[in-house]
Structure formats: C-alpha cells, structure tokens
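A short write-up of the structure that comes next.
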Amino acid sequence: MKSSVKRHLVVNVCSGCGACIGICPVNAIVPVDIKGYAGLSIDTGKCVKCGLCVKACPMIKSVEDSSTTTIVSRENSIVRAFLTYATDLNIRYRGASGGVVTALLIYLLKKKEIDGALVVKMDKTKPFPLIAKTAEEILKAQGSIYFPTFSLSILKKLKAMEGKYAVVGLPCQIDAIKKLIDIGWLPRDRITYLFGLQCHGIFAPWYLDYVLKNLLKLSKDEVYEITARRYGWPGKIFVLSKHGVYVVHLFDETISVWNPLSSSNLNAQLPCIICTNHSNVNADITFGDAWMPEVVGREKIGVSLIIARTKRGSELLERAVRDGVIRVEEIQTNLASSESIFNYDKELLTTLMNNGIIGVASKYGLRGLLVVVARLLFYRESSRRVLLALLPPKALFYILYARKNLLHKAINKL
Ligand code: SF4
Ligand code: SF4
C-alpha cells in the first residue's frame, strides 16, 4: 500500500486506540474531532518521519496484513470458555458484567504480580486513561465506555515506569500492543497480562451529542457525569445533568442506545465497519457479555463469558478460582472451530484488499472464491466487509470518507 494512503488511513480511519500518540517520539500527533468522528492530526513540522505510528496502527494491520495468525495455530494457545463472576458481591454488582476484570486486576496487585494496570475511567463526560496502581483506582474504572478512548496515548508513560503491568483493551488496542511488542518497542516481560474486551464496534463521538440532544433533549454542557453499565446486569446508562438523572436503556425501551442507527452500524466509528477481530484473539483472556439464552432474562447481578486463550491466562483463572476470587463454570462451545472460520474470513478479506479476486483465487482456490460468493449472498455483515474488501484501499478510504461526510450532513439536519 502506498505511504500516502497509509497516512490517510492512520489519520482518517482511526479507531481511537491512541497507540500512535503514545509512541510518537516527538509528540507530533494529537487526537482531534473530524466531523464528529475521533481522528488525529499530525504536525508535519514536528514529524521526523520515523514511521513508528504506521507500525503501531492496528487498522493498518487489518487492511494490509494478510498473514494473520490464526488462534487455533498459535503456540501455547488454548481456547476454553467459561461463564464467570467475581465472588465479591460489591465488585460483581458494580461491574459491567460480573466484575471479573476488576477482581482479577485487584488479585494480581495483591499478589504483587503486577504493579498496575492500564485502564480507562470516565472523568465526568470524557474517557480518561490511567495506570491504576491501587485497588481503589481499579474500582473507579468499573463499567463500560462505548466511545473512542485513545487509552494507549499514555504508553510512553507506561514504558518509563518500572515494574510489570496488565493492559485492558479493545481488540484494536490489544492488537496495537502486540505489534509494539513484536517490533521490540515494548518489552513483553513488562506487560504481564493482556486482558481483552470483546467489541462489536464503538460509537463515533457525534452519537453522544445525538443521544443527548434528540433522546434526552440536553446539551453537552448541561451534563455533569455519564456512567455506563454499572449496578446490575445488563445495566443501564445514567446521565447526571443539571435537570436531574436520566436513564438510557441498552435496548427495548423508548430511550435506548440500541436503536436503528446502532443495529445498522451507522453510528460506529469508521474502522469498526471493517474490523474482523471482535473477539480479541491476541489477548490472554477475552471478557464479554454472556448474551446466551440461559443467561439473558434470568441474570440480574452480573456474569461474563470469558475465553482463556493462552497458558498464562488459563493458569491465572485456575489460581483465582482456587483462591476464591472468581467462580467459573466451563461451558462446552465450538469456539475453536468458529474462530478458525472467523480467521479464515479475515485472511480472505485482507488478501482481497491487497491482491484482489485473482489473489484470492491463487491463494485459496475454488473454496476461497465460493466463500466470497456465499458471504455476499447470505451474510449481511460479511457482505458489507467483502464489498469493501473488493475495492482497492484507496477507493475504500474515499468511500469511508464520503460516507462520513454524508452522515455528518444528515445528522446536522436532525
Ligand atoms: S512518523 Fe514518527 S515522528 Fe512522525 S508522526 Fe509518526 S511517530 Fe511521530
Ligand atoms: S470494532 Fe474493532 S476497530 Fe472498532 S473499536 Fe472494536 S476492536 Fe476497535
């Protein structure tokens, strides 16, 4: 891919992970709002063209790298799934889904296996990344944030600190950390655990303005604080404003964030449309909601569906269960097989993006071509990705950019 296109992608098709800001040696990159989407601005006067930002960007990886490692072939990789929750009722109730991330981080701190963890907490209405070094700081970061956090923007600070750390992140953030470990920028022995959150997309910042203005009839400066997904499962979003507290539901209510805009992915930050790593395959443990028939409608306090992906992650879970920190119930699921299909899709799509249909035919043969056709015919989500993937990267960039501008115009008319 040409470097000019790469630069466009870094700046305009940004997932908001913050890795480039966090590693730029001359602090030339700052987060900016680009027509309601989280984006970046590079000060070309400061930039020394070291190329680190492009190397760290997880979205460049996802559109460029066709040699994606599959989870089933990773060394040491194990895929075991559990339903789980924290045994401390307070931690469990205050977490987004069972408080397991919080309970494990506090456990690791107490055992002195980590000196801190990179987490994100809400500071009034804005996400705020921090390196939490005490149980109190970790507790303050409970809950969910559905908007870009730029949490890896504090990586230089993390690297400069002594000790061992856990990183909690979305798939694009964990992918960026993995890239930085692979290129030697971040020593692996300093990052003891990668805790990955499942993610099916985050909202572009304009959507917060939309929810406040159109659903709650509030302006942003009337809002003091927003907390999401705390106090029971699946939880709600509380908006504390100068007119009182408003409750936004996840779905099935008049005021809910899961509306036609969300279900059609129209409110997503742009890279989420082409992202294929929703289950965070590079983490040691993946944490997500248990949207399963045996849980939905019955569970009220909180439970997570977690996946142990490495020996290190699996052993941590075993110790935490033995020491009474979490409870787990292993569930039999065909995760390995579904993830292998998922990774096959991803490799196919990245090959399509880089080498076109001829590349797919020569690398994957008739089966690959049939998969492309089947996805186009039967899967709405995948069809969109395949259609995007069929386009050369430059066309992909311009279409995403045009879509962003059109949406911005439409939203301003609401
Ligand atoms: S190329 Fe290097 S100096 Fe320039 S913006 Fe990227 S990381 Fe910063
Ligand atoms: S969907 Fe993918 S690109 Fe979007 S925030 Fe989640 S992991 Fe990042």
Side-chain angles (χ1 to χ4, degrees), residues 1-68 118 120 126-131 147-161 165 167-188 190-191 194 202 204-205 269-272 274-275 277 282 350 353-354 392-394 396-398 400-401 404:
M1 198 189 296
K2 279 189 185 154
S3 60
S4 59
V5 179
K6 280 184 187 172
R7 261 204 321 277
H8 277 315
L9 283 168
V10 170
V11 173
N12 288 300
V13 190
C14 165
S15 71
C17 74
C20 59
I21 303 171
I23 63 160
C24 176
V26 291
N27 299 323
I29 311 177
V30 288
V32 289
D33 179 286
I34 303 179
K35 298 186 175 177
Y37 290 81
L40 301 160
S41 168
I42 299 180
D43 182 338
T44 47
K46 272 189 178 177
C47 171
V48 293
K49 299 190 172 45
C50 67
L52 272 176
C53 53
V54 171
K55 284 191 185 140
C57 177
M59 299 324 296
I60 292 288
K61 177 188 170 82
S62 77
V63 295
E64 190 181 40
D65 177 8
S66 60
S67 61
T68 322
L118 199 164
V120 182
K126 282 202 172 130
F128 178 78
L130 78 154
I131 297 154
F147 293 93
T149 63
F150 291 102
S151 69
L152 303 186
S153 60
I154 57 172
L155 276 181
K156 273 199 283 290
K157 186 175 167 197
L158 179 75
K159 196 179 172 189
M161 290 165 92
Y165 294 87
V167 175
V168 182
L170 300 175
C172 48
Q173 291 160 337
I174 298 296
D175 285 355
I177 293 282
K178 180 118 193 322
K179 285 182 91 178
L180 293 175
I181 291 171
D182 288 349
I183 64 169
W185 188 87
L186 202 54
R188 180 57 167 122
R190 299 279 315 286
I191 306 298
L194 294 172
I202 47 171
Q269 187 72 10
L270 292 176
C272 305
I274 50 167
C275 174
N277 183 14
N282 283 315
T350 45
M353 282 191 191
N354 290 303
K394 204 164 185 170
L396 168 70
F397 162 71
Y398 284 121
L400 288 176
Y401 199 71
K404 180 160 78 170

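When a ligand or atom number is given, it counts from 1 through the structure's own listing order.
Of all the atoms in ligand 1, the ones that sit under 4.0 Å from a non-hydrogen atom of Val26 are 3 (S). Contact atoms of ligand 1 toward Ile29: 5 (S) (distance under 4.0 Å to a heavy atom of the residue). Near Gly51, meaning under 4.0 Å from any of its heavy atoms, are these atoms of ligand 1: 1 (S), 2 (Fe).
Among protein heavy atoms, the minimum distance from atom 6 (Fe) of ligand 1 is reached at Cys53 SG, 2.4 Å. Taking atom 8 (Fe) of ligand 1 as the reference point, the nearest protein heavy-atom neighbour is Cys24 SG, 2.3 Å. Among protein heavy atoms, the minimum distance from atom 3 (S) of ligand 1 is reached at Val48 N, 3.3 Å.
In summary, an N, O or S atom of Cys47 is located under 2.8 Å from atom 4 (Fe) of ligand 1. Taking 2.8 Å as the threshold, Cys50 counts as a candidate ligand of atom 2 (Fe) of ligand 1, since one of its N, O or S atoms lies below it.
With hydrogens and angles disregarded, a donor-acceptor distance shorter than 3.5 Å links the side chain of Lys179 to the backbone of Lys55. Not one N or O on the side chain of Lys126 forms a donor-acceptor pair closer than 3.5 Å with the backbone of Thr149. Panel note: side chain Gln269, backbone Ala38; a donor-acceptor pair is recorded below 3.5 Å. The backbone N or O of Trp185 lies less than 3.5 Å from a partner atom in the side chain of Lys159, making a donor-acceptor pair. Side chain of Arg188 to main chain of Lys178: no donor-acceptor pair is present (N/O by atom type, distance under 3.5 Å, no hydrogens or angles).
Under 4.0 Å from ligand 1, the heavy atoms of Lys49 that appear belong solely to its backbone.
Residues Leu194 and Asn282 share a closest heavy-atom pair of CD1-O, 3.8 Å. Taking both residues in full, the closest heavy atoms of Pro25 and Leu52 are given as CD-CD1, 4.3 Å, listed atom of the first, atom of the second, then distance.
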